[in-house]
Amino acid sequence: MKTELIKDILTSAPDGRTVTVCGWVRTIRDSKNLVFIQVNDGSCFASIQLTFDRTNPSNPSNAESIESAVADISTGASIKATGKLVESPASGQAVEVNVETLVVLGKCPGDYPIQKKAASMEFLRENAHLRARTNTFGAVFRMRSQMAFALHTFFQERGFYYINTPEITCSDCEGAGEMFQITTLSMEKLAKIAVEKGAKGMNPEDAAKLVDYSKDFFGKQASLTVSGQLEAETLATALGRVYTFGPTFRAENSNTTRHLAEFWMCEPEMAFFDLEDDMDIQEEFIKYLLNWALTKCAADMEFFNKRIQPGVIDTLRHVVETPFKRVSYTEAVAELEKHADEFEFKPYWGCDLATEHERYLTEKIYKCPVMVYNYPKEIKAFYMKLNDDGKTVKAVDVLVPGLGEIIGGSEREESYDKLLARINELGLKPEDYSWYLDLRKFGTVPHSGFGLGFERLLLYVTGMQNIRDVIPYPRAPKLADF
Ligand code: 4AD
Ligand code: MG
């Protein structure tokens with residue numbers, strides 16, 4: 001079946017040629033002599049109008065079959081139509097199709113949940129298998145694809161290689177213990193063994209020994225990855241500049257509008273980059289992505305600007321044109337302390353920045369994206385490079401208005417001794433990180449990288465309010481439908 005995309009038909013000349021349109025009916029209007037059908041195929045925001053004029057003397061002889069198809073059409077039905085592409089007399093559309101054949105591929109009964117009337121986001125989330133057929137979700141998922149294309153283009157244009165890091169891993173990159181364990185051991189069987197052995201009176205350490213990971217699928221405890229960074233470092237210290245882009249998993253019990261249990265992360269890693277180089281490319285990257293959205297996704301952006309978040313286009317334009325503010329953690333906390341009354345959690349030097357602090361910095365104090373760098377080592381991961389003060393590490397978070405953190409990155413500790421000391425200090429097992437330490441043993445180099453939360457980026461670009469609405473099938477605590 002050779003069909004044209006509606007996005008191509010809509011931008012071609014109304015030269016009377018015959019076109020074939022396939023798609024889903026958004027609306028049908030049947031007045032006395034005229035039938036108007038709006039059809040959308042998802043290829044672009046706009047629908048195309050099919051027109052059937054009952055009084056047109058040059059109508060084909062199959063008018064009867066067209067009439068019977070019209071009778072079967074309601075919102076949501078799938079159709080295939082052919083007809084002549086002509087100039088449209090209606091305003092707001094350049095072309096329309098004068099129908100010559102019309103076939104209903106699939107009827108759509110009245111209990112179709114996606115009716116023209118605006119439905120709530122909650123309702124659409126429950127109907128996630130159909131929500132991509134709405135204006136909002138069509139636009140969001142097209143933007144998702146565009147942003148993925150943009151990020152590949154950005155890195156490919158700059159000498160980066162796309163690499164793939166494993167989803168199943170035995171190391172906890174962020175050391176936060178928020179990993180989903182993967183096992184083929186049977187929970188029921190383990191529970192039975194425990195009962196047989198009289199586990200009730202057993203001390204917890206002996207009870208834990210009832211689990212024999214050598215019998216598990218991988219012969220040891222394994223989990224879904226929280227980040228591809230550690231493995232990306234092994235490739236960056238060979239190929240120079242690399243990036244990975246894929247799903248990551250976090251078992252944090254965060255029921256918020258900004259957290260998912262399964263989210264996509266883009267993680268570039270660059271040999272011979274220090275923290276400043278890292279910050280420079282982060283800023284360039286975000287500006288590139290926003291500019292892509294503004295210039296290559298204009299129709300979808302106009303919709304977001306009109307219906308989802310008024311002003312989002314101006315906001316993005318402003319961000320593209322303005323330098324990001326860069327402040328050290330120490331300066332940022334000093335600023336926040338001046339406004340201590342505004343916060344639920346009072347900020348102090350050494351505290352982890354909460355979302356309320358992050359948003360205050362970027363929305364109220366600096367009013368632009370902010371890069372906070374040099375965090376206390378205690379609140380950051382083990383792999384970050386220690387500053388000469390012995391207290392802070394070369395970390396950076398990028399904070400944006402409306403959201404807070406969108407990027408987390410750092411310069412990595414390249415000294416074998418310092419890294420080993422940090423691993424020991426944190427009670428991690430050096431043998432678990434032997435391969436990671438090898439990078440520092442064999443030809444170590446300064447290197448840096450970062451992780452961009454892909455859904456956070458999409459929230460920012462589209463102005464959508466809930467992270468569960470920028471991924472087709474969100475996973476969160478007690479939520480794994482579809
Ligand atoms: O700051 P994070 O935890 O950094 C890392 O994982 C590093 N290993 C990245 C690196 O240097 N290669 O996560 C990076 C970003 C955050 O800034 C945030 O945008 C996003 O990932 N993120 C989440 N997005 C959605 N749901 C969650 N639960 C997220 N946790 C982090
Ligand atoms: Mg972070």
Side-chain angles (χ1 to χ4, degrees), residues 147 151 155 160 163 165 169 171-180 224-236 241-270 273 275 278-279 281-282 285-286 289 329 352-355 357-359 362 369-373 375-376 379-385 393-400 402-413 436 447-461 464 466-471 474-477 479:
M147 288 296 96
L151 74 83
F155 289 117
F160 284 68
I163 55 146
T165 48
T169 176
S171 41
D172 180 357
C173 173
E174 296 304 298
E178 291 171 337
M179 304 183 78
F180 287 102
L224 291 174
T225 192
V226 294
S227 158
Q229 177 198 320
L230 304 187
E231 292 88 353
E233 283 184 52
T234 68
L235 285 137
R241 298 179 191 184
V242 301
Y243 67 105
T244 137
F245 177 48
T248 47
F249 306 86
R250 298 205 181 171
E252 51 191 331
N253 198 6
S254 298
N255 242 316
T256 79
T257 53
R258 298 170 308 104
H259 289 89
L260 289 168
E262 175 179 331
F263 65 97
W264 281 61
M265 188 157 39
C266 173
E267 294 183 276
E269 192 68 34
M270 298 76 70
F273 268 50
L275 185 67
D278 202 18
M279 291 200 271
I281 198 166
Q282 288 168 20
F285 183 43
I286 292 193
L289 294 172
Y329 168 90
D352 203 356
L353 296 184
T355 303
H357 305 135
E358 293 176 344
R359 291 190 55 175
T362 174
V370 180
M371 306 175 111
V372 180
Y373 59 91
Y375 282 78
I379 57 171
K380 289 291 181 188
F382 75 97
Y383 51 71
M384 297 187 181
K385 186 178 165 83
V393 287
K394 292 185 185 292
V396 58
D397 278 0
V398 181
L399 317 176
V400 295
L403 204 61
E405 180 186 342
I406 191 166
I407 281 181
S410 66
E411 185 170 339
R412 321 305 188 189
E413 183 56 77
Y436 189 66
H447 63 288
S448 301
F450 65 90
L452 168 84
F454 192 56
E455 287 76 20
R456 300 248 176 116
L457 167 77
L458 283 162
L459 283 178
Y460 194 43
V461 170
M464 294 289 284
N466 192 325
I467 199 162
R468 298 175 189 196
D469 297 331
V470 293
I471 188 166
R475 270 80 181 94
L479 180 70

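Start at 1 and go down the list; that is how both ligands and their atoms are numbered.
- The ligand atoms of ligand 1 that sit less than 4.0 angstrom from a heavy atom of Gly408 are 1 (O), 9 (C), 10 (C), 11 (O), 17 (O).
- Using a 4.5 Å heavy-atom threshold, the side chains of Ile163 and Thr244 count as touching.
- Here the shortest heavy-atom pairing between Leu289 and Met147 reads O-CE, 3.4 Å.
- Residue contacts with ligand 1 for Glu262 are absent, since no atom lies close enough (heavy atoms, distance under 4.0 Å).
- In terms of protein heavy atoms, atom 5 (C) of ligand 1 is closest to Glu174 OE2, 3.4 Å.
- For Asp397, the heavy-atom gap to ligand 1 stays at 4.0 angstrom or more.
- Rounded to the nearest 0.5 angstrom, Ile281 CD1 and Phe273 CZ are separated by 4.5 Å.
- If you check the side chains of Glu233 and Tyr383, you find no donor sitting under 3.5 Å from an acceptor.
- Taken from OH in Tyr373 to CD in Glu411, the straight-line distance is 13.5 Å, to the nearest 0.5 Å.
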| request: Evaluate the criterion side chain to side chain contact (heavy atoms under 4.5 Å, CB included) for residue pair His259 and Glu455; output intermediate values, then yes/no. | output: CA-CA 9 Å; His259 289 89; Glu455 287 76 20; over 6 Å; no
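- Electrostatic pairing of Arg412 and Asp278 does not count as a salt bridge here, judged by no charged N lying under 4.0 Å from a carboxylate O.
- Contact of the Phe450 side chain with the Val398 side chain is not registered, since no non-hydrogen atoms from C-beta on lie closer than 4.5 Å.
- Ligand 1 does not have Tyr243 within reach: every non-hydrogen atom of the residue lies 4.0 Å or more from it.
- With ligand atoms numbered from 1 in the order given, ligand 1 contributes 6 (O), 8 (N) to contacts under 4.0 Å with heavy atoms of Ser227.
- Remark: ligand 1 and Gly409 share no N or O pair separated by less than 3.5 Å (distance only, no angle test).
- Within Glu405, the N, O or S atom at minimum distance from the Mg ion (ligand 2) carries the name OE2.
- Applying the 4.0 Å criterion to heavy atoms of Tyr383 picks out, from ligand 1, the atoms 7 (C), 8 (N).
- Summary of contacts: the protein heavy atom closest to atom 20 (C) of ligand 1 is Gly453 CA, 3.6 Å.
- Interface of Ile407 with ligand 1, defined as ligand atoms under 4.0 Å from a residue heavy atom, comprises 17 (O).
- At the top of the distance list for atom 17 (O) of ligand 1, counting protein heavy atoms only, stands Glu405 OE2, 2.6 Å.
- Distances from ligand 1 to the non-hydrogen atoms of Glu455 include no value under 4.0 Å.
- Of the protein's non-hydrogen atoms, Arg250 NH2, 2.8 Å is the one closest to atom 6 (O) of ligand 1.
- Below 30°, between 30° and 60°, or above 60°: for Phe454 and Phe245 the angle between ring planes is above 60°, a perpendicular geometry.
- Between Thr248, Leu260, Thr225, it is Leu260 that holds the heavy atom closest to atom 26 (N) of ligand 1.
- Atoms of ligand 1 lying under 4.0 Å from any heavy atom of Ile406, numbered from 1 in the order shown and given with element: 17 (O), 19 (O).
- Counting atoms of ligand 1 from 1 in the listed order, those under 4.0 Å from a heavy atom of Glu252 are 27 (C), 28 (N), 30 (N).
- Residues Phe155 and Cys266 approach most closely at CE1-SG, 3.6 Å, considering heavy atoms.
- Applying the 4.0 Å criterion to heavy atoms of Ile467 picks out, from ligand 1, the atoms 25 (C).
- The structure places CG of Leu353 at 6.0 Å from CD of Glu358, a figure rounded to the nearest 0.5 Å.
- Counting only heavy atoms of the protein, atom 14 (C) of ligand 1 lies nearest to Met265 SD, 3.3 Å.
- Ligand 1 lies less than 4.0 angstrom from a heavy atom belonging to Arg412.
- At a 4.0 Å heavy-atom cut-off, ligand 1 touches Phe263 through the side chain alone.
- Scanning all protein heavy atoms for the shortest distance to atom 15 (C) of ligand 1 gives Gly451 O, 3.6 Å.
- Taking atom 18 (C) of ligand 1 as the reference point, the nearest protein heavy-atom neighbour is Arg456 NH1, 3.5 Å.
- Thr165 is not listed as a side-chain neighbour of Glu267, based on a closest heavy-atom distance of 4.5 Å or more.
- Counting the atoms of ligand 1 from 1 in the order shown, those under 4.0 Å from a heavy atom of Glu267 are 7 (C), 8 (N), 9 (C), 10 (C), 12 (N).
- Checked by distance only, ligand 1 and Glu269 stay at 3.5 Å or farther apart across all their nitrogen or oxygen atoms.
- With rounding to the nearest 0.5 angstrom, the OG1 atom of Thr362 is 12.0 Å from the CG atom of Asp397.
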| field | Working for side chain to side chain contact (heavy atoms under 4.5 Å, CB included), residues Met270 and Phe160 | value | CA-CA 9 Å; Met270 298 76 70; Phe160 284 68; 3.5 Å; yes
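- For Ser410, no nitrogen or oxygen atom sits less than 3.5 Å from a nitrogen or oxygen atom of ligand 1, counting backbone and side chain alike.
- Distance CH2/Trp264 to CG/Leu457: 14.0 Å, rounded to 0.5 Å.
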